Amino acid sequence: MASNKMIVYQVFTRLYGNRCQTRKINGSIEENGSGKFNDFTAAGLKKIREMGVSHVWYTGVIRHATMTDYTRYGIPRQHPAVVKGRAGSPYAITDYYDVDPDLAVSVEHRMEEFGKLVARTHRAGLKVVIDFVPNHVARQYKSICKPDGVRDLGEDDNPEVGFDPIHNNFYYCPGQAFTPYFDLYHGEAEPYTEFPAKATGNDHFDNAPGRNDWYETVKLNYGVDYYAGQTPSTLAANCCDTSAAHAPFSTWNKMLDILLYWAAKGVDAFRCDMAEMVPSAFWAWATARVREHYPHVLFIGEVYNPGLYRQFIASGFDYLYDKVGMYDALCDVLCHRRNTDAITWAWQQTDDIRQHMLYFLENHDELRLASDFVVGAGRKAVPALVVAALLQQNPFMFYFGQEWGEHGMDSEGFSGHDGRTTIFDYWSLSPSKGDAALKALYQRVLNIARTEKAVNSGQTFDLMYVNQQYYRQYAFLRKAGKELLLVVVNFDDCPVDMQLSIPDHAYDYLEIQERAYEAHELLAGGKQSMVLIKGEPVRVALESRGAVVMKLS
């Protein structure tokens, strides 16, 4: 059934298809293995589609810094002092025009293998999302795959000045060597040297980044004079005509070329890393230019400051992370740190832009729900899944392994015992240890989101303002035409027998007829009779950490 509900499945490409179970801490690619583009077979992509997915976010595609030596293929070696983990961070890009050789069966044909993955994904009825990392690059960035005529980032810089808004792609510390907190040798015969030092990616503008800085990256210059106290939000919105083919700043033009390069390869959407660290003026110009050539391409922004949401939407973003609002609220409710009125508060803060908010419960940055640091089991997070996926029409994203209750409690190497799945190490997950029933439940919930008109195009009515006695339960209605859903979830560890009030306003606003209905329970199956009459509560029985989705007809 056709749907406009977007469901994004984030896969960490290097780990997703890796079947090697050696799992040696700090192991090499030879010891621990790596997933490949080819692991996403037509049959595998069909199964992803059957989960209700519309978009696959292939995380870690573009070539990034790594300790693995690929010099025999003409790929420059990275000094291990400025690489995080044996595999390296996928957000320390070393060549924007290349793909990660770890992901290729044949390194020499790695781009061809990626192209075939894009084609297979499209044939499966899915869209392709990749990362665009605009704020920073690896310290040893050097493109060997850039098209003819393209000038490399930093190639024309004048490192004798800290800031040149027009010509320089990086920020510099003139006259100062790179002297971070760590040993620059890192087991090598020669130390890593950088003179003059470049500013570090997390807006660290001296030559000595610390342990918690993004020391493996360098900040890109979009014309913001941080040395004079300027910020991305204060760069004039009119500094570049959005209809202009070329911008006055070198970095803007080079980054636009990169976006167009990947769009031409069939990429349907860009998840834009740390988008708020780049001026919204750039986004307004770049998204307009991309859509001149590829009007279907979507932009998903990692923006954490709610005060900037509307500014970035106006600058061309289709969707933004709802992290500080809905994600934080659902996690707090799951862990009983807040009551369910936090969910109502969260959606109300963005109600005017709700179609642009991307809901999620896990991604590569966040704790695994089933980890010891959250709720300890994927089943316990089902109420949050149902709310995030069914509350609004806006997109929902989930992370590979989430659907079978991955714990994230391995200590893999650079990534320690932290409740997250490593993005820095060669590793593998074990779906065979997962919860098959949980995966089946995810598939039911996500297909409800995709196929039920009341969810993907209907209205929402939050019922909690007349049910405030239930502070660990949450209930809402969804309606489109004659289709009506009643969704109720229980965040408590005990079963509950609710007498749910439906206010008169809900009957009037949603045009609900007072009569007897046959209610089909879409999660567990079965049906029952349900009578809706103004002033009469509806009985709903819920298991601990349970959910019901009743379709009334």
Side-chain angles (χ1 to χ4, degrees), residues 8-27 31-35 39 47-48 51 53 57 59-60 84-87 89-90 323 327-328 330-337 359-389 396-443 445-446 489 491-493 543-547:
V8 181
Y9 187 41
Q10 181 190 4
V11 295
F12 197 75
T13 317
R14 186 201 307 139
L15 301 185
Y16 182 84
N18 188 18
R19 300 294 179 259
C20 177
Q21 296 294 300
T22 305
R23 297 184 183 179
K24 178 182 176 181
I25 295 176
N26 286 314
E31 293 166 322
N32 285 355
S34 174
D39 290 325
K47 289 182 179 179
I48 290 175
M51 278 198 296
V53 172
W57 169 14
T59 307
K84 288 183 175 177
R86 290 291 293 268
S89 168
K323 197 277 182 193
Y327 169 85
D328 284 352
L330 287 170
C331 285
D332 282 349
V333 173
L334 275 173
C335 298
H336 297 167
R337 293 188 292 262
Y359 288 173
F360 62 93
L361 296 168
E362 286 189 4
N363 61 42
H364 66 278
D365 286 320
E366 308 300 344
L367 292 167
R368 289 288 193 178
L369 295 169
S371 75
D372 295 348
F373 303 107
V374 188
V375 288
R379 285 288 191 96
K380 289 186 175 182
V382 165
L385 164 69
V386 171
V387 172
F396 174 70
M397 178 177 74
F398 67 115
Y399 191 31
F400 85 117
Q402 178 181 338
E403 71 273 27
W404 69 73
E406 168 61 31
H407 290 91
M409 294 303 293
D410 296 327
S411 182
E412 305 98 338
F414 185 87
S415 182
H417 194 71
D418 59 1
R420 296 174 175 84
T421 297
T422 182
I423 64 170
F424 306 105
D425 306 285
Y426 294 110
W427 205 251
S428 60
L429 304 186
S430 181
S432 62
K433 296 180 180 178
D435 186 337
L438 178 64
K439 185 175 181 181
L441 182 58
Y442 263 77
Q443 183 157 331
V445 172
L446 298 178
V489 302
F491 289 91
D492 208 340
D493 293 315
E543 297 178 354
S544 65
R545 301 278 181 171

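Just so we're clear, the structure is a prediction, and the values are computed from it rather than from any experiment.
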*Kindly give the heavy-atom pair with the smallest separation between V489 and A547, and that separation in Å.*
CG1-CB, 3.7 Å
_Gap between atom CZ of F414 and atom CD1 of I423 - 0.5 Å precision_ = 9.5 Å
_Determine whether a donor-acceptor pair (N or O, by modelled atom type, separation under 3.5 Å) exists between the side chain of S371 and the backbone of F373._
yes
*With rounding to the nearest 0.5 Å, note down the distance linking CZ in F491 to CG in L330.*
5.5 Å
*asked:* Within the 4.5 Å heavy-atom criterion, are M51 and K439 side-chain neighbours or not?
replied: yes
*asked:* Counting C-beta onward and ignoring hydrogens, is there a side-chain heavy-atom pair between Y399 and E406 closer than 4.5 Å?
replied: no
*Does a side-chain heavy-atom distance below 4.5 Å link W427 with N18?*
no
*Any idea which heavy atoms bring D435 and R379 closest together, and the distance?*
OD2-NE, 3.1 Å
*Let me see the working for Q10 and T59 under side chain to side chain donor-acceptor pair (under 3.5 Å), right down to the final yes or no.*
CA-CA 7 Å; Q10 181 190 4; T59 307; 3.1 Å; yes
*In Å and rounded to the nearest 0.5 Å, what is the CG to NZ distance from D365 to K323?*
9.5 Å
_Quick check: closest heavy atoms across L369 and V374, and the distance to 0.1 Å?_
O-CB, 3.3 Å
*Go through the steps to decide whether E366 and L361 satisfy the test side chain to side chain contact (heavy atoms under 4.5 Å, CB included), and finish with yes or no.*
CA-CA 8 Å; E366 308 300 344; L361 296 168; over 6 Å; no
*asked:* Using the rule given for side chain to side chain contact (heavy atoms under 4.5 Å, CB included), can you reason through I25 versus D425, listing the C-alpha separation, both sets of side-chain angles and the distance that settles it, and then say yes or no?
replied: CA-CA 8 Å; I25 295 176; D425 306 285; over 6 Å; no
*Rounded distance (nearest 0.5 Å) linking atom CZ of F398 with atom CD of E362*: 10.5 Å
*Tell me whether the guanidinium CZ or amine NZ of R14 lies under 6.0 angstrom from the six-membered ring centre of Y426 and within 45° of its axis.*
yes
_Is the distance between the ring centroids of F400 and F12 under 6.0 Å?_
no
*Going by distance alone, is a donor N or O of one side chain under 3.5 Å from an acceptor N or O of the other, for R420 and S415?*
no
_Interatomic spacing from OG in S428 to CD in E412 - rounded to 0.5 Å_ = 10.0 Å
*Looking only at heavy atoms, which two atoms of L429 and Q21 are closest? And how far apart?*
O-NE2, 3.5 Å
_Can you tell me how far apart CG (L441) and CG (L385) are? Round to the nearest 0.5 Å._
6.5 Å
*Identify the two heavy atoms, one from G17 and one from D39, that lie closest to each other, and give their separation to 0.1 Å.*
O-OD2, 3.3 Å
*Does any non-hydrogen side-chain atom of H364 lie less than 4.5 Å from one of W57?*
yes
*Examine the side chains of E403 and Y9 and answer whether a donor and an acceptor come within less than 3.5 Å of each other.*
yes
*Check D418 against L367 and note the closest heavy-atom contact, atom names and distance.*
O-CD2, 3.0 Å
*Counting heavy atoms not belonging to E543, are there more than 12 under 6.0 Å from its CD?*
no
_Short side-chain to backbone donor-acceptor contact, R545 and L334, under 3.5 Å_ = yes
_side chain to side chain contact (heavy atoms under 4.5 Å, CB included) between R337 and C331, worked out_ = CA-CA 8 Å; R337 293 188 292 262; C331 285; 4.3 Å; yes
